[in-house]
Amino acid sequence: MLVVAGTGTGVGKTAVTAAVAALHPGRAAALKPAQTGAVPGEAGDADEVARLAPGTAVCELARYPDPLAPATAARRARRVGGRAAEAAHAARALARENPLVLVEGAGGPLVRLHENGDTLADLAAELDAPVLLVTRAGLGTLNDTAAAAEALAARGLACVGTVIGSWPARPGLAARCNLADLPETSGLPLLGALPEGAARLCPRAFADTAAASLTPRLGGRCGAPPPPRPRVTCGVCC
């Protein structure tokens, strides 16, 4: 079981979730406790994971149309949101048939899922599962990552490390310096960096990129981030 949290929104959690799933073909499941900013019939994050990592079992528990934090989006939809215990029950059900269950949150670890305050961190505690932090490459990420790491540590939650969700094709000075500074500032190992645009690849090329971008701790073969630029095509299906 692995809980995937971001240091904010739009950092690449879904791509990282799909990348880890792609490195465990036929053995992984992905759970999305709350999907926001999507209407019924529209593809959500779980659908994206299923597209990028075929064979991954996916499950979405709740969906709200407004692109807001889950508890706020649920309130605007006149619902109360989901409880951590309910999501944990769904994760354990997936775990009965899948050796690896990835639980993708919405935003950071302290974003509320329910109006009474249940958070993704509470869900990780309920599952007694470690957290993988997905972070940005550029300026500002050191503080965001350190703050998220401290919040998890204060709750007694294990964090396996960080992954940069979108490594720029032309990294600036801040991004290049952050490769060394992120582990020092957060106290967590840097376990990979997905190149920007990876989620636009076909599944085969995406799996190859995931393997080259993530370290063996997550199932990849990357020795040290950043990874090479992704292949535009896989050479087989496209």
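- Scanning all heavy atoms of the two residues, the minimum distance from V16 to G165 falls at CG2-CA, 4.1 Å.
- Looking only at distances, no side-chain donor or acceptor of S213 sits under 3.5 Å from a matching main-chain atom of L194.
- In the hydrophobic clustering of ILVMFWY residues, with side-chain heavy atoms under 4.5 Å counting as a link, L113 and V111 come out apart.
- Taking each heavy atom of P33 and V103 in turn, the nearest pair found is CG-CG1, 3.9 Å.
- Judged by distance alone, the side chain of T56 and the main-chain N or O of A53 form a donor-acceptor pair under 3.5 Å.
- A heavy-atom distance below 4.5 Å is found between the side chains of Y64 and R79.
- When all heavy atoms are compared, the tightest approach of L23 to G220 is CD1-N, 3.6 Å.
- Remark: H24 NE2 to N98 CG distance equals 12.5 Å, nearest 0.5 Å.
- Sparse packing is recorded around CG of D128, with 12 or fewer heavy atoms of other residues, nucleotides or ligands lying under 6.0 Å away.
- M1 and A95 make their closest contact through CE-CB, 4.1 Å (heavy atoms, listed as atom of the first residue, atom of the second, distance).
- Only one option out of V131, L2, L133, V3 pairs with V160 in a side chain to side chain contact (heavy atoms under 4.5 Å, CB included); it is L2.
- None of L132, T135, V20, T215 except one satisfies the side chain to side chain contact (heavy atoms under 4.5 Å, CB included) rule with V163; the exception is L132.
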Under 3.5 Å, sequence neighbours excluded: what are the donor-acceptor pairs made by side chains of residues 180-193?
| residue | atom | partner | partner atom | Å |
| --- | --- | --- | --- | --- |
| T185 | OG1 | D181 | O | 2.9 |
| S186 | OG | L182 | O | 2.7 |
| S186 | OG | L188 | N | 3.1 |

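- Between D118 and R112, none of the side-chain N atoms (NZ, or NE/NH1/NH2) sits under 4.0 Å from a carboxylate O, so this pair counts as no salt bridge.
- Residues A22 and P25 come closest through the heavy atom pair O-CD, 3.5 Å.
- Taking 4.5 Å as the limit, every side-chain heavy atom of T162 sits out of range of all side-chain heavy atoms of V134.
- Counting non-hydrogen atoms of other residues, nucleotides and ligands closer than 6.0 Å to CZ of R92 gives a total above 12.
- A donor-acceptor pair is defined here as one N or O able to donate and one able to accept, closer than 3.5 Å; no such pair exists between the side chain of E196 and the backbone of P168.
- Taken from CZ in R204 to CG in L52, the straight-line distance is 14.5 Å, to the nearest 0.5 Å.
- Counting only distance, with no hydrogens or angles, the side chain of N178 and the backbone of G138 share a donor-acceptor pair below 3.5 Å.
- Of all heavy-atom pairs spanning A137 and W167, the tightest one is CB-CE3, 3.9 Å.
- No side-chain donor-acceptor contact under 3.5 Å links E97 to the backbone of L94.
- A continuous path of Ile, Leu, Val, Met, Phe, Trp and Tyr side chains, each step under 4.5 Å between heavy atoms, connects L127 with L31, placing both in one hydrophobic cluster.
- Looking only at side-chain heavy atoms (C-beta outward), K13 and V11 come within less than 4.5 Å of each other.
- In this structure, the side chains of R136 and D144 come closer than 4.5 Å at one or more pairs of heavy atoms.
- Two residues are said to be in side-chain contact when any heavy atoms from C-beta on lie closer than 4.5 Å; T119 and P109 fail this criterion.
- Remark: K32 engages D45, E104 in a salt bridge (Lys or Arg N to Asp or Glu O under 4.0 Å) (not counting sequence neighbours).
- Side chain of T36 to backbone of P70: no donor-acceptor contact under 3.5 angstrom is found.
- Under the 4.5 Å side-chain contact rule for hydrophobic residues, V58 and V4 do not share a cluster.
- R51 has a carboxylate O that lies under 4.0 Å from a charged side-chain N of E48, or vice versa, which qualifies the two as a salt bridge.
- The backbone N or O of L68 lies less than 3.5 Å from no partner atom in the side chain of T72, so there is not a single donor-acceptor pair.
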Under the side chain to side chain contact (heavy atoms under 4.5 Å, CB included) rule, what do L110 and R155 come out as? Steps first, then yes or no, please.
CA-CA 11 Å; L110 302 188; R155 288 160 175 75; 3.5 Å; yes

